[in-house]
Amino acid sequence: MIKVRQVAMFCLLSFMFSLLFPGRSYAYIDPGTGSYLWQLVIAGLLAASFSLKIFWRRIKAFLENYFNKRRKNGQ
Amino acid sequence: MDNKRRDPGSFRDLCGFVFYRDEVLYRQINQSYQNDYDFLVGSGLYQKLVDAGLLVSHEEVGDALAFTSGVYKVIRPQKIPFVSYPFEWSFTQLKQAALLTLQIQKIALEYGMSLKDASAYNVQFFHGQPIFVDTLSFEKYQEGRPWVAYRQFCQHFLSPLALMCYRDVRLNQLLRIYMDGIPLALTQRLLPMRTWLNIHIVMHLHFHSRMQLSSSAKPVDRTRNSFTRLSLCGLLDSLETAIQRLYWDPSGTEWAGYYEVTNYTQDAISHKKELVASFLDRLNPRMVWDLGANTGFFSRVASDRGILTVSIDSDSAAVENNFREACRKNERNILPLTLDLINPSSGLGWASEERVSLVERGPADVAMALAIIHHLAISNNVPLFRIAEFFNKLCHFLIIEFIPKHDSQIKKFFSLREDIFQDYSVESFEKAFGQFFVTQDKQKIKDSVRILYLMRNKNNFNEKTNRVCEY
């Protein structure tokens, strides 16, 4: 499941990359602006990915708890 | 006369700077930082970080001690006894410094603050652990804005670590040339194709770099509030995952297996250890530099006695193994660093003064030069007089081992080379070092032809007296 998510993210990133970047680069490079803009580009991706991670962790913790309780009750 | 000077490396932050008064370190906080400083302390963030051992503590002192006008407060930070730099750290040391920075940023967010810079020079090693030293790095968090320190984090931490992991561990030396971290465009060109399989490296190095190159100087609308707190948490989580997954196996370098191939017998090693211990017990130093320490076997004779020991070697694997051992055993008194005595760290940065040379960070109370003189004199052709002249600048006392030509390791060296070293002998060694040092003890190591000397420097270092030895 994690690998599928990574592949999907990679495809989305490649698509966005191809849309955003102009054909030529400018002589004056402002590295601060680039980093600022890049964070705005990936903002949605980061938020979605982090939310999924937290959600998945909570589901896992709930399920582990549930099965541990069942095992203890069974004993 | 008031003995005060500004630290030549502390000038970029208008919120404050570091200075010395009678060689004691202070930090001046300017009025422009007043709100953020009060928030740092008032919110409880400062105390939380200090209690967790993540940030240096400080004491507020009267602003009568201020260096310039415009002062809000003056603080005296906890002293770091030996300053080291990112290009001297092993792989794991740099990785721990990176993870510390991210950990502090995450905690700061919980208290409504954020780091405004993520320079590797904000971290030092203290009692075997990385610690954040720039108290003025915190600003109030404003939701909606991207992390202003992101570029610096990627250049100072992610770039060198990725290069060390995926290409060659020695690429961290690029940090000596690039004072603000390795440029992403350079890192991107050096990383191999397989890094494109790592989604975090792709995001934070490959695409990040291309975005930097493509951006023009046109103004950016910085009022857009689309970078939510959740996005920032996601960014920090992604960077942390990226750093955690980078690793390096410290083997296969020239000196990684040194102690398996030396010519010392067990008796010789034990006797040498006893002699070093007895010299250290006589001197009772506060700080020892072990030059050519390899994995720190003899450094630990000093550090196990509670003496702060800087354990220096040029081999990355040896230093990495040394640091890993220190972590495993929770050692507080040993600091392994990667430094080549043939080309030690020099003054760097603006006016060559921002980062100080190894010599300027001394003198050490005691320097140990065990099993190293032949590497300098024979392998590297440095005349004995020049070696003595250099050591003269480094320490008050010197424990040095002389290896005569008939030692089996040197005989091996000359089996393939012509012996052009007519001046390499015990007599020449004693004559060269006698011009700078006074020999106080001389002992032959059992079961070996090697000789151990204890020497006192004739130079009293009057301008910068750190002298604490009682002998």
**Student:** Side chains of B:Q212 and A:S35: does their closest heavy-atom pair fall under 4.5 Å?
**Tutor:** yes
**Student:** Mind checking salt bridge (charged side-chain N to carboxylate O under 4.0 Å, His left out) for B:R167 and listing every partner two or more places apart, or none if nothing turns up?
**Tutor:** none
**Student:** Among B:S238, B:C154, B:S231, which has the most heavy-atom pairs under 4.5 Å with chain A?
**Tutor:** B:S231
**Student:** Quick check on side-chain contact (heavy atoms from CB on, under 4.5 Å): which of B:L232, B:L235, B:L230 does A:L46 satisfy it with?
**Tutor:** B:L235
**Student:** Looking at CD of A:Q39 and CE of B:M203, how far apart are the two atoms once the value is rounded to the nearest 0.5 Å?
**Tutor:** 11.5 Å
**Student:** Does a sphere of radius 6.0 Å around NZ in B:K48 hold more than 12 heavy atoms from other residues, nucleotides or ligands, not counting ones at 6.0 Å or beyond?
**Tutor:** no
**Student:** For B:Y247, I'd like to know if atom OH has over 12 heavy atoms of other residues, nucleotides or ligands within 6.0 Å.
**Tutor:** no
**Student:** For the residue pair A:G34 and B:M211, what are the closest heavy atoms and their distance?
**Tutor:** O-CG, 3.2 Å
**Student:** Residues two or more places apart in sequence or in another chain: which of them pass side chain to side chain contact (heavy atoms under 4.5 Å, CB included) with B:T195?
**Tutor:** B:Y166, B:L191, B:P192, B:I201, B:H206
**Student:** Would you say the side chain of A:K53 lies within less than 4.5 Å of the side chain of B:T241, judging by non-hydrogen atoms?
**Tutor:** yes
**Student:** Looking at B:G234 and A:F50, what are the two nearest heavy atoms and their distance?
**Tutor:** CA-CB, 3.6 Å
**Student:** More than 12 foreign heavy atoms under 6.0 Å from CZ of B:R170: is that the case here?
**Tutor:** no
**Student:** To the closest 0.5 Å, what do you measure between CG (A:L37) and NE2 (B:H208)?
**Tutor:** 10.0 Å
**Student:** Under a 3.5 Å distance rule, please check whether A:W38 uses its side chain to pair with a backbone N or O of B:S209 as donor and acceptor.
**Tutor:** no
**Student:** Count the heavy atoms of every other residue, nucleotide or ligand shown that sit under 6.0 Å from CH2 of B:W196, and state whether that count exceeds 12.
**Tutor:** yes
